[in-house]
Amino acid sequence: MNKYRTHNCGELTKKDNGSNVILSGWINKKRDHGNLLFLDLRDNFGITQCLVEKENEFFKNLEKTQLETVIKINGVVAKRTEDTVNKEIQTGEIEVKIKSFEILGTCKELPMPVFTDQEYAEDIRLKYRFLDLRRKKIHENIVLRSKVISFIREEMIKLGFLEFQTPILTSSSPEGARDFLVPSRLNKGKFYALPQAPQQFKQLIMVSGFDKYFQIAPCFRDEDARADRSPGEFYQLDLEMSFVEQEDVFNVVEKLMLLIFKKFSNKKMLFEKFPKITYEDALRKYGTDKPDLRNPLEISDLTSIFERDDVKFEIFKKLVKSGSVVRAIKTDNTKDKPRSFFDGINNWAKDQGASGMAYFTFEGDNEIKAKGPVGKFFSSESLKEIMKITDAKIGDSIFLSCNKENEVLKLISSARDKIAKDLNLVNEETFAFCWIVDYPMFEVDETTKKISFSHNPFSMPQIDEKEIDLSKPLEIKAYQYDIVCNGIELSSGAIRNHKPDLMYKLFSIAGYSKEDVDKKFKGMINALSFGAPPHGGIAPGIDRIVMLLANEKNIREVTLFPMNQNAQDLMMNAPSEISDDQLKELGLQIKKK
RNA sequence: GGGGGUGUAGCUCAGUUUGGUUAGAGCGAUCGCCUGUCACGCGAUAGGUCGCGGGUUCGAGUCCCGUCACUCCCGCCA
C-alpha cells in the first residue's frame, strides 16, 4: 500500500462510506468553528472536505496549521446529510472524519493567496509561479495543454507521421528573426544559434526519405514580446510531408484542427470547410493577412471618390493627389446610434496615432444626403457612387481613413475590430478558421528599398517551369499559406522549393550570389542537389492553439514557466551574469558601457 | 527605440480630480469566542519609505521634473 494515500482528493463518493482512507494534499481552506474544524484538502485531482472535532488530540495542531501546508490525513469516509451536500465539488457527497494527521511539507506565510479568483500582479505570479500554478484556472489550462499535445501526437502517428528531434544547437541563419546565440568553447569565437524553427532540418528529413515527419518543436526567436507572443521561446507542431501539393497539406491540417477544436472546446465552428482567401483579397477586404472572420465588416476602397469634382472634402482630396488612399468601413443601419458612438470611434483612431476617422450616415428619400460633420462635402451623385461601392443603403454609416496605403491598412484593420466590438457584431462562442493563400514571393523592404523575400526563402514560387520569367519579381506568388483563427495567426507553411537551380535564381533576385547561398545554406542546397522529393509542410503554434481553446488572451496563461515582457525569468533569475572563469573558457569579454 | 496604463499594508484595492487632523477597507497573519461550514461568523491586535530621487509649498499619497518596475500597443517577429 502506498504510504501517502489510498485515494486522491477527487475520487471519494458515497460508495466509499465507512471506509478507512489516507489522503495527502494541500490545505486549500479552513473553516474553524471553534469546536469543529472543516478543512478542504486539495490535490491535482480535486478537493475533499475533511473535518475534525475538538475531542480529537490533533485538533489544536490542525487548527494552527497554515494554508498550503502539505499534510497526510488518516480518516473515515462519512456520507453527508442531504442538507450539507456540496454540489460544486466532485466529492461533495462525502467528507472525511480525521483520525490523525501528519505534516509532510510546511508552508511559510504566503506571498500571494492561492485559494482565490482574484487577479494579481504579473511579477508576483511569475516569481512564485509554483504557487500560481496551484490555482484552479491556470492549473486546468496547463493540464489542457498537456492533453492537447498528447492528442496531437496520437493523431499524427495515426496519420503515418514519424516523430523526430532536431538539433537545438545549430547555425545562425541570415533571414528572419534575431537569433539566440550560444558561444562555442571548443571553437572559440564561433557561435551556435538556437533554431528559430527546425526549417532546414525538416526539409533534410524529407530528402533523407522519411516521407512524413512531425515534432512538438521548441522555437527560439530573440524578438520583443506581445500578449500572444512569448519572448524567446515557443512551441510549434512542426510537420513536413513528401510528394505533396498544397491541397494535401491543407487536407491533413484542416482535419487535425477540426478534431482538436471539437474535442477540446464547445465553441461552434463557423466554417466546417476553411475558406481560402488570397493574400491580396485579405488585405483588400480586411486590411490584414490575419482577418477575424467572425467579424462581418468589410473594407472598401473609396480613393476614386476623392478625385471627383463634386466632392469638396479638400483635406482628403489633397492627400489623395499626393498618393494617399482612402479606405472605408460601412456599418449597417447605424443612423440612430448616438453621437457618442461615432465620436468614440473617431477618438479611438486619434489614440491610435491617426488624425481620426471621418464619418457620415446616408439619409434622405429622393435626394440622398450625408449626415455628419463631413457630410456636406459630398454631392448626391457621389454618395450614390459610394453606396454602390460599399453596398450601402439609407441608414447605413461610412467610416473613412485617408493616408499612405500602409498606414491606412494598419488603422482600418484595427478599426474593423473596434467598430465590430462596439456594435457587438462578433460572436465570441465561435471559431472562424481560414486559409490565407498566394503570398507574394518578394516584397520591397521599406527601409532599404531593396527586394527581399516576403516570407520563407525556401518556398516554391508559382511559376511555369518551362518559361521561367523572373523579370517582374514582385508579381510572383508563392505556394505559401497561413492558417488564421479568430484573427490570430496560428501557423504558416509552404510547399518548398526543392530545385537548386531555381533556388539560386530566386536568391539572386534578393541579392544573394551563388557563393552566398552555398555558404549560408550549405546543408540545404547541397542536399537538394542529391535527389530531393517535392515536399511541403506547415507549423501550427501550439501555445496559440491552447490559448484559443482555453479562451485566454495572454500566452502566459497557457505556459508553465513563462518569462516576463523583458525576457526575464523572475523565478529562476535568468538571464544572469556568469563568472570570469566561464567567460575565459569561452574566450569572451564583456564590454562595459 | 517610441507611445499608453498601472505602482498606497503580505495580497486586492479606495483615497490623488480640488494639497490640510493620526492614510482607510476587504482578504491574509496573530490572539480570543464559536459544532455543520463550504467566500463560515463575531471581537481584538500587529502590519505603511504611499515605487524611488529631486523640486514647489507653511504643509505633498495628492502639484511639477526626473527615474525605476510591471503591463498593453507600435516598431520587430522569413
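Proteins come first, then strands; the chains are lettered A, B, ... in the order of their sequence lines, and each starts at number 1.
Of the residues in residues 478-491 of chain A, none lies under 4.0 Å from RNA chain B by heavy-atom distance.
Taking CG of A:Leu560 as the reference point, atom CG of A:Asn141 lies at 11.0 Å (rounded to 0.5 Å). Rounded to the nearest 0.5 Å, atoms CD1 (A:Ile98) and CG (A:Leu41) are 8.0 Å apart. One finds the CZ atom of A:Phe442 at 4.0 Å from the CD1 atom of A:Ile509 (value rounded to the nearest 0.5 Å).
To the nearest angstrom, C1' of B:C70 lies 16 Å from CE of A:Met563. To the nearest angstrom, P of B:U71 lies 11 Å from CZ of A:Arg125. The interatomic distance linking A:Phe115 (CZ) with B:C38 (C1') rounds to 8 Å, in whole Å. One can place CD of A:Glu122 at 11 Å from P of B:C70, the figure rounded to the nearest angstrom. Note: CD (A:Glu53) to C1' (B:U37) measures 13 Å, nearest angstrom. Atom CD1 in A:Ile98 sits roughly 15 Å away from atom C1' in B:G36 (whole-Å rounding). Between the CG atom of A:Asp32 and the C1' atom of B:G32 there is a distance of 11 Å, given to the nearest Å. Atom pair A:Leu36:CG and B:U37:P shows a separation of 10 Å (rounding to whole Å applied).
Between B:G28 and A:Lys29, a contact under 4.0 Å exists linking OP1 or OP2 to a side-chain N or O. Dashed line: the shortest gap from a side-chain N or O of A:Asn86 to OP1 or OP2 of B:U37 is not under 4.0 Å. The phosphate of B:C72 (OP1 or OP2) has a side-chain N or O of A:Gln565 nearer than 4.0 angstrom. For the pair A:Gln568 and B:C70, the criterion of a side-chain N or O lying under 4.0 Å from OP1 or OP2 is met.
Under a cut-off of 6.0 angstrom, the local environment of NZ in A:Lys79 is sparse, with at most 12 non-hydrogen atoms contributed by other residues, nucleotides or ligands.
Comparing B:G53 with B:C68, their C1' atoms are spaced 10 Å from each other, to the whole Å. Taking atom P on both nucleotides, B:C11 is separated from B:G28 by 15 Å, rounded to a whole Å. Distance noted for atom C1' between B:C70 and B:G32: 40 Å (whole Å). For the P atom pair drawn from B:C64 and B:G20, the interatomic distance equals 15 Å after rounding to whole Å. A gap of 10 Å separates the C1' atoms of B:C63 and B:U57, to the nearest Å. The same atom, C1', is picked in B:C50 and in B:G61; the two are 5 Å apart, to the nearest Å. Between B:U62 and B:G54, the distance separating the two P atoms is 14 Å to the nearest Å. Rounded to the nearest Å, the gap between the C1' atom of B:U56 and that of B:G66 is 15 Å.
There is a side-chain donor-acceptor pair under 3.5 Å between A:Gln196 and A:Asp179.
Ring pair A:Tyr439/A:Tyr279 is tilted by interplanar angle, where 30° to 60° counts as tilted. Ring pair A:Phe180/A:Phe220 is perpendicular by interplanar angle, where above 60° counts as perpendicular and below 30° as parallel.
Listed here is the closest heavy atom pair of A:Glu11 and A:Thr91: N-CG2, 3.9 Å. Contact between A:Gln66 and A:Ile27 at its shortest, heavy atoms only, is O-CD1, 3.7 Å.
Contacts of A:Asn564 with the nucleic acid, taken as non-hydrogen atoms under 4.0 Å apart, involve only primed sugar atoms and P, OP1 or OP2. Across all strands, A:Asn566 comes closer than 4.0 Å only to sugar-phosphate atoms, never to a base (heavy-atom distances). When heavy atoms are screened at a 4.0 angstrom cut-off, A:Asn554 is found touching the sugar-phosphate backbone but no base atom. In this structure, A:Thr81 reaches neither bases nor backbone, as no heavy-atom distance under 4.0 Å exists between it and the strands shown. Base contact: A:Glu95 has a heavy atom under 4.0 Å from a base atom.
The aromatic ring of A:His33 does not sit over the base of B:U37, since the test of centres under 5.5 Å and planes under 30° is not met.
Side-chain contact between A:Phe191 and A:Ser172: absent, with no pair of heavy atoms (C-beta onward) separated by less than 4.5 Å. The closest side-chain heavy-atom distance from A:Leu411 to A:Trp348 is below 4.5 Å.
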Decide yes or no on side chain to side chain contact (heavy atoms under 4.5 Å, CB included) for A:Val207 and A:Ile205, but give the supporting numbers first. CA-CA 5 Å; A:Val207 179; A:Ile205 290 169; over 6 Å; no
Passes side chain to side chain contact (heavy atoms under 4.5 Å, CB included), A:Arg125 versus A:Ile138? Steps please. CA-CA 11 Å; A:Arg125 293 184 59 192; A:Ile138 190 162; 3.6 Å; yes
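Taking the ring axis of A:Tyr213 as reference, the NZ or CZ atom of A:Lys202 does not stay both within 45° of it and closer than 6.0 Å to the ring centre.
With the nearest nucleotide of RNA chain B identified for both A:Arg31 and A:Ala197, A:Arg31 has the one nearer the 5' end.
A donor and an acceptor atom sit less than 3.5 Å apart, one in the side chain of A:Arg80 and one in the base of B:C38.
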Do any N or O atoms of the protein come closer than 3.5 Å to N or O atoms of nucleotides 74-77 of chain B, and which pairs are they?
unit_1, atom_1, unit_2, atom_2, d
B:C74, OP2, A:Arg226, NE, 2.7
B:G75, N7, A:Arg226, NH2, 2.7
B:G75, O6, A:Asp224, OD2, 3.4
B:G75, O6, A:Arg226, NH1, 3.1
B:G75, O6, A:Arg226, NH2, 3.3
B:G75, N1, A:Asp224, OD2, 2.6
B:G75, N2, A:Asp224, OD2, 3.4
B:C76, O2', A:Glu223, OE1, 2.5
B:C76, O2', A:Glu223, OE2, 3.3
B:C76, O2, A:Arg229, NH2, 3.0
B:C76, N3, A:Arg229, NH1, 3.4
B:C76, N3, A:Arg229, NH2, 2.8
B:C76, N4, A:Arg226, NH2, 3.3
B:C77, O2, A:Arg229, NE, 3.4
B:C77, O2, A:Arg229, NH1, 2.8
B:C77, N3, A:Arg229, NH1, 3.0

Distances under 3.5 Å only, N/O to N/O: pair up the protein atoms with those of nucleotides 8-12 of chain B.
unit_1, atom_1, unit_2, atom_2, d
B:G10, O2', A:Pro111, O, 2.9
B:U12, OP1, A:Ala121, N, 2.9
B:U12, O4', A:Gln118, OE1, 3.2

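Pair assignment for B:G19 gives none, since no Watson-Crick or G-U wobble pairing has each distance under 3.5 Å. Searching all strands for a Watson-Crick or G-U wobble partner of B:G32 with both distances below 3.5 Å returns B:C42. Under the Watson-Crick or G-U wobble criterion, with both distances below 3.5 Å, B:C50 is left unpaired in every strand shown.
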